[in-house]
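In this text, all values refer to a predicted model and were calculated from it rather than measured experimentally.
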Amino acid sequence: MTNTVAAANAEVSRCVAASSRPIFDKPTIATQPPLVIRPYRLFSQRFPLLSLSLLERNSISSSRLRSMPKDSDASGGLTYKDAGVDIDAGSELVRRIAKMAPGIGGFGGLYPLGDSFLVAGTDGVGTKLKLAFETGIHETIGIDLVAMSVNDIVTSGAKPLFFLDYFATSHLDVDLAEKVIKGIVDGCQQSDCALLGGETAEMPDFYAKGEYDLSGFAVGIVKKDSVIDGKNIVAGDVLIGLPSSGVHSNGFSLVRRVLALSGLSLKDQLPGAALTLGEALMAPTVIYVKQVLDIIGKGGVKGIAHITGGGFTDNIPRVFPEGLGAVIYKDSWNVPAVFKWIQQAGKIEDAEMSRTFNMGIGMVLVVSKEASQRILEDANGAYTAYRIGEVVNGEGVSYH
């Protein structure tokens with residue numbers, strides 16, 4: 001965007017105080033040429049124009065859209081395509097982007113900086129926003145926003161440094177916006193990163209009354225010799241799953257279709273649980289940053305997959321070398337009641353559920369057998385972790 005403010009598209013720029021993190025003095029600029037250069041205007045005239053170069057395009061488009069099935073389920077159960085997500089269009093877009101920017105497909109984009117990589121990610125919260133509008137729960141949607149990006153970049157072993165947000169609405173409701181941004185601040189605190197800046201765009205007639213949209217952008221750093229890239233994964237390695245809080249921020253187009261067909265409202269009790277559907281569905285996404293970085297620091301972690309759109313089926317193979325696949329032990333963790341209700345109410349097939357939702361596991365670590373024993377022992381009392389499967393020769397993900 002330029003600094004020109006049109007009357008029909010007023011923009012309010014925000015800049016939060018500089019990070020309390022150490023400033024890296026005069027970093028050595030890598031000589032390696034970037035594959036993609038995309039300039040961005042940071043959100044205040046106090047900052048110069050910077051260029052952001054990605055060795056990999058963040059895979060939000062490819063990973064999320066690629067995960068949806070091509071055809072409606074023959075059994076009559078709902079699918080993501082039935083809910084309005086077109087896999088064919090998404091795949092075509094990814095194919096075209098790949099021609100312009102080779103190397104897409106990772107959870108975050110890496111940019112060389114001296115002996116380190118900057119790791120960048122961007123995301124939104126999808127149609128979970130629709131439920132925020134309906135429930136009036138706006139205080140935690142900002143946590144979701146931060147989580148979706150920082151959870152992506154930590155899969156490379158990167159420690160988040162700072163976060164930027166974009167908040168757009170037709171008419172600025174200051175009290176509502178404050179609630180949303182408070183959630184963003186909470187998310188940044190949970191991930192130990194600075195909220196460095198943001199943009200508030202007021203665009204009359206563009207959004208429905210009372211509605212808004214969100215985007216987030218996170219940047220972290222990792223030493224080049226500490227990058228988690230999956231290249232050393234071998235058959236026999238163990239899959240460790242970290243539990244989710246529920247649906248997180250993916251699959252809500254299908255969730256909303258199921259809700260509409262179920263005859264229940266967001267105020268009704270979730271079957272099998274002591275909370276309402278609205279409370280269960282709006283549970284904020286878990287931010288795994290501190291837990292994952294702690295586990296990485298103890299050694300033995302070879303690959304990490306953030307389980308977003310695509311579920312286990314599409315996300316876990318993304319971290320494997322060619323020729324490797326995974327076996328998932330279906331009964332090795334507790335599937336939250338919200339997923340059982342979604343599947344039953346929507347008559348959704350197991351395969352569709354596993355390609356669309358996290359099913360109760362939000363992050364998967366691929367570790368050596370020795371490391372798996374330590375991680376599971378350390379988990380007693382400190383956190384919850386499950387041995388959910390193993391790496392095998394072959395390709396794809398099977399469920400046993």
> Do we see a donor-acceptor contact under 3.5 Å between the side chains of Thr285 and Asp144?
Replying inline: yes

>> Using side chain to side chain contact (heavy atoms under 4.5 Å, CB included), reason through Ile388 and Phe312 one step at a time and then give a plain yes or no.
In response: CA-CA 11 Å; Ile388 65 166; Phe312 293 152; 4.3 Å; yes

> Using 30° and 60° as the class limits, which term best fits the ring planes of Tyr212 and Phe133: parallel, tilted or perpendicular?
Replying inline: perpendicular

> At what distance, to the nearest 0.5 angstrom, does OG of Ser249 lie from CG of Asp123?
Replying inline: 8.0 Å

>> Side chains of Cys193 and Phe162, heavy atoms from C-beta outward: is any pair under 4.5 Å?
In response: no

> Do side-chain atoms of Glu139 reach the backbone of Lys179 as a donor and acceptor pair under 3.5 angstrom?
Replying inline: no

> Between CG of Leu324 and CD of Glu322, what distance do you get to the nearest 0.5 Å?
Replying inline: 9.5 Å

> So, for Val338 and Gly246, which heavy atoms are closest and what is the spacing to 0.1 Å?
Replying inline: CG1-CA, 4.4 Å

> When hydrophobic residues are tied together by side-chain contacts of less than 4.5 Å, even through go-betweens, does Ile328 share a cluster with Val234?
Replying inline: no

> Is Arg96 paired with Glu92 through a side-chain N to carboxylate O contact shorter than 4.0 Å?
Replying inline: yes

> Does Asn151 use its side chain to pair, donor to acceptor, with the backbone of Val286 at less than 3.5 Å?
Replying inline: yes

> Is Leu145 reachable from Leu172 through a run of hydrophobic residues whose side-chain heavy atoms are each under 4.5 Å from the next?
Replying inline: yes

> Is Met353 close to Ile342 at the side-chain level, that is, under 4.5 Å between some pair of heavy atoms?
Replying inline: yes

> What heavy-atom pair brings Ser332 and Arg387 nearest, and what distance separates the two atoms?
Replying inline: CB-O, 3.4 Å

> Quick one: are Tyr288 and Ser244 in side-chain contact, heavy atoms under 4.5 Å?
Replying inline: yes

> Is a side-chain donor or acceptor of Asn315 paired with a backbone partner of Gly309 at a separation under 3.5 angstrom?
Replying inline: yes

> Does atom CD of Gln344 have more than 12 heavy-atom neighbours, drawn from other residues, nucleotides or ligands, at distances under 6.0 Å?
Replying inline: no

>> With side chain to side chain contact (heavy atoms under 4.5 Å, CB included) as the criterion, how do Thr276 and Lys267 come out once you've worked through the C-alpha distance, each side chain's angles and the decisive distance to 0.1 Å?
In response: CA-CA 6 Å; Thr276 67; Lys267 295 181 180 180; 5.6 Å; no

> Which value, rounded to the nearest 0.5 Å, describes the distance between Leu196 atom CG and Leu164 atom CG?
Replying inline: 5.5 Å

> Taking C-beta and beyond as the side chain, do Leu242 and Val292 meet within less than 4.5 Å on heavy atoms?
Replying inline: yes

>> Taking the basic N atoms (NZ, or NE/NH1/NH2) and the acidic carboxylate oxygens, is any pair closer than 4.0 Å for Asp294 and Lys298?
In response: yes

>> Taking Leu113 as the starting point, is it possible to reach Leu161 by hopping between hydrophobic residues whose side chains are less than 4.5 Å apart?
In response: yes

> For Ile153 and Val219, which heavy atoms make the closest approach, and how far apart are they?
Replying inline: CD1-C, 3.9 Å

>> Working note: Ile307 + Met359, criterion side chain to side chain contact (heavy atoms under 4.5 Å, CB included); need CA distance, chi angles, decisive distance, verdict.
In response: CA-CA 9 Å; Ile307 308 304; Met359 299 304 294; over 6 Å; no

>> Looking at Thr79, is its backbone amide N or carbonyl O close enough to the side chain of Glu352 to form a donor-acceptor pair, meaning the two atoms are under 3.5 Å apart?
In response: no

> Which pair of heavy atoms, one from Pro243 and one from Thr384, lies closest together, and at what distance?
Replying inline: CD-O, 3.1 Å

> How about Val146 and Gln190: do any of their side-chain heavy atoms sit closer than 4.5 Å?
Replying inline: no

> Checking Thr356 side chain against Gly251 main chain: does a donor-acceptor pair fall under 3.5 Å?
Replying inline: no

> Roughly how far, to the nearest 0.5 Å, is the CZ atom of Phe163 from the CZ atom of Phe217?
Replying inline: 8.0 Å

>> Tell me whether Ser156 contacts the main-chain N or O of Ile228 through its side chain, where contact means a donor paired with an acceptor under 3.5 Å.
In response: no

> Is there a path from Val392 to Ile240 through hydrophobic residues (I, L, V, M, F, W, Y) whose side chains come within less than 4.5 Å of each other?
Replying inline: no

> Closest heavy-atom contact between Lys231 and Pro321?
Replying inline: O-CG, 3.9 Å

> Quick one: does Ser354's side chain have a donor or acceptor within less than 3.5 Å of a partner on Ala351's backbone?
Replying inline: no

>> Determine whether the aromatic ring centres of residues Trp333 and Phe339 are separated by less than 6.0 angstrom.
In response: no

> Do Tyr383 and Ile375 have side chains that get closer than 4.5 Å, going by heavy atoms?
Replying inline: yes

> With a distance cut-off below 6.0 Å to the six-membered ring centre and an angular limit of 45° from the axis, does Arg318 pair with Phe107 as a cation-pi contact?
Replying inline: yes

> For the side chain of Gln269 and the backbone of Ala273, is there at least one donor-acceptor N/O pair under 3.5 Å apart?
Replying inline: yes

> Counting distance only, does the side-chain N/O of Ser245 pair as donor-acceptor with the main-chain N or O of Pro284 below 3.5 Å?
Replying inline: yes

>> With a 4.5 Å cut-off on side-chain heavy-atom distances among I, L, V, M, F, W and Y, is there a chain of contacts connecting Ile361 to Val327?
In response: no

> Rounded to the nearest 0.5 Å, how far apart are NE2 of His400 and OH of Tyr329?
Replying inline: 9.5 Å

> What pair of heavy atoms forms the shortest contact from Ala326 to Leu239, and how long is it?
Replying inline: CB-CD1, 3.8 Å

>> If you count heavy atoms of other groups shown closer than 6.0 angstrom to NZ of Lys369, is the number above 12?
In response: no

> Tell me, do Arg256 and Leu131 make a side-chain contact under 4.5 Å, heavy atoms counted?
Replying inline: yes

>> Main chain of Phe206, side chain of Ser170: is a donor-acceptor contact present, judged purely on distance under 3.5 Å?
In response: yes

> Are any non-hydrogen side-chain atoms of Tyr399 and Asp350 less than 4.5 angstrom apart?
Replying inline: no

>> If you apply the rule side chain to side chain contact (heavy atoms under 4.5 Å, CB included), what do you find for Ser265 with Asp268, and how did you get there?
In response: CA-CA 5 Å; Ser265 76; Asp268 288 323; 3.4 Å; yes

> Looking at CE of Met363 and CD1 of Ile304, how far apart are the two atoms once the value is rounded to the nearest 0.5 Å?
Replying inline: 7.0 Å

